[in-house]
Protein chains: 2
Amino acid sequence: MILDSETKAVELPEDHGDEIRLWLRLLTCTTLIEGEVRGRLRERFDVTLPRFDLMAQLDKVPDGMTLSDVSKRMMVSNGNVTGLVERLVESGHLDRRTSDADRRVQVIRLTKAGRAEFRKMAAEHELWIADIFADLTPKDVRELMRLLAKTKASAQKSAKARTA
Amino acid sequence: MILDSETKAVELPEDHGDEIRLWLRLLTCTTLIEGEVRGRLRERFDVTLPRFDLMAQLDKVPDGMTLSDVSKRMMVSNGNVTGLVERLVESGHLDRRTSDADRRVQVIRLTKAGRAEFRKMAAEHELWIADIFADLTPKDVRELMRLLAKTKASAQKSAKARTA
DNA sequence: TCCAATCATTTTATACTTAAAGTAATTTGG
DNA sequence: CCAAATTACTTTAAGTATAAAATGATTGGA
């Protein structure tokens, strides 16, 4: 605790340059990789990243999920999902129906064609990611996983503290 | 090298699950923090993250920079910068003038008011970031910096190989 | 029962983003 | 010097994204 001449707690402006630089580097890395993936998806499959991401969520479940589920998992707004789903239904990748139990709820699923298309894309996508991270050793990967988990927890705690 | 019965090279489908998980975690972390920063900027200063980022670029230089410079540094498209600058000039944060030496070039600078406003935002922003990363030890931060630098280099190499 | 609160989704308004095509200015090779 | 290439920026079209308000459905408590 730093005290001033009158023995009261004082807020000395601390230097947070390291954290700022870390955040910028994290952002740069993500932007770089995201741009690369986006470009390859467009080039190879003429599909956008948000559509791919949405299909990836749905591929994990056989019986579909609600728009809210998708919205939470993708960490995007509801309205965003509405539009995305609209276009994917239009293009035949998704199937959408109103829940019998609760007519507020829309359940969306991959169509057969949509799933097949996604599996093709996902297989290549996996190779791209492997290539992008190719210079990291298995130890690097483990260590990054650990540190990012810690970062995520710290960020969530901070976010929670603000909202509370 | 893996060979099949006819002694030709074969591509066995390797498992890249670790890399995929790493990428998803990286993305999750960034999205989480970005959302948090975006929310706070809007709440406290009614400003968007892209505008803040653009002003941050300009704050680093006294005499302004060209739109292309900004575009490269922010890793976004030219057209994107055109629109952002338009709105920031409109709101009085930015000053824009055509270069005397080359009439294709637009040089943009923070106005006095714009710089003052940015400094206020930046000071708080720094505290938010510090808080978001608060649970990381200095050693964690150093290690993350190192691993992200390695990741960035690896990704750039992969991107370059594709374009080449 | 019924109505107020809640919930899931959609709509609206605004802003951001990209890729690609277009415009205008400058540079360069013949 | 001049046409072709390049450069800097803008425009366009489509899509992605948010916050906030609106709509419609469900639920829980008086």
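In what follows, chains are A, B, ... by sequence order, proteins preceding strands, each numbered from 1. Keep in mind that the numbers below use all heavy atoms, side chains included, and drop hydrogens, waters and symmetry copies.
- Note: CD (Glu90(A)) to C1' (dA14(D)) measures 14 Å, nearest angstrom.
- Here Arg87(B) lies in heavy-atom contact (under 4.0 Å) with sugar-phosphate atoms only.
- Atom-to-atom, CZ of Arg73(B) to P of dA8(D) comes out at 15 Å; the value is rounded to the nearest Å.
- Note: CD (Glu36(A)) to P (dT18(C)) measures 14 Å, nearest angstrom.
- Nucleic acid contact class of Leu49(A) (heavy atoms, under 4.0 Å, all strands): none.
- OP1 and OP2 of dT18(C) both lie 4.0 Å or more from every side-chain N or O belonging to Arg42(A).
- Regarding Arg104(B), its CZ atom lies at a distance of 10 Å from the P atom of dA25(C), rounded to whole Å.
- The separation between Arg103(A) atom CZ and dT10(C) atom P is 15 Å, rounded to whole Å.
- Phe52(A) has its ring centre less than 6.0 Å from the ring centre of Phe118(A).
- Atom CG in Asn80(B) sits about 15 Å away from atom C1' in dA20(C), given to the nearest Å.
- Look at Arg146(A) and Glu143(A) and you find a salt bridge, because one of the NZ, NE, NH1 or NH2 atoms lies within 4.0 Å of a carboxylate O, short of that distance.
- Among the heavy atoms of the strands lying under 4.0 Å from Thr66(B) are primed sugar atoms or P, OP1, OP2 only; no base atom is included.
- OP1 and OP2 of dT18(C) both lie 4.0 Å or more from every side-chain N or O belonging to Thr48(A).
- Distances from the side chain of Thr82(B) to the nucleotides dA25(C), dC9(D), dT18(C) place dC9(D) closest.
- Between Ala101(A) and Val76(A), the one whose closest nucleotide on DNA chain D sits nearer the 5' end is Val76(A).
- Along DNA chain D, the nucleotide nearest to Val81(A) and the one nearest to Asp102(B) differ in position, and the one closer to the 5' end is contacted by Asp102(B).
- Salt bridge absent: Asp63(A) and Arg109(A) never bring a charged side-chain N and a carboxylate O closer than 4.0 Å.
- Distance from the side chain of Arg96(A) is smallest to dT9(C) among dT18(C), dC16(C), dT9(C).
- Across the protein-nucleic acid pair, Leu84(B) atom CG and dC16(C) atom P stand 5 Å apart, rounded to whole Å.
- Using a 4.0 Å heavy-atom criterion, one finds that Ser68(B) contacts the sugar-phosphate atoms exclusively.
- The CZ atom of Arg51(A) sits 17 Å away from the P atom of dT18(C) (whole-angstrom rounding).
- Here the side chain of Gln106(B) is nearest to one of dG15(D), dT10(D), dT10(C), namely dT10(D).
- Residues Glu124(B) and Lys120(B) are not paired through a salt bridge, judged by the lack of any N-O separation under 4.0 Å between the basic side chain and the carboxylate.
- Residues Ser99(A) and Gln106(A) have side chains that never bring a donor and an acceptor to within less than 3.5 angstrom of each other.
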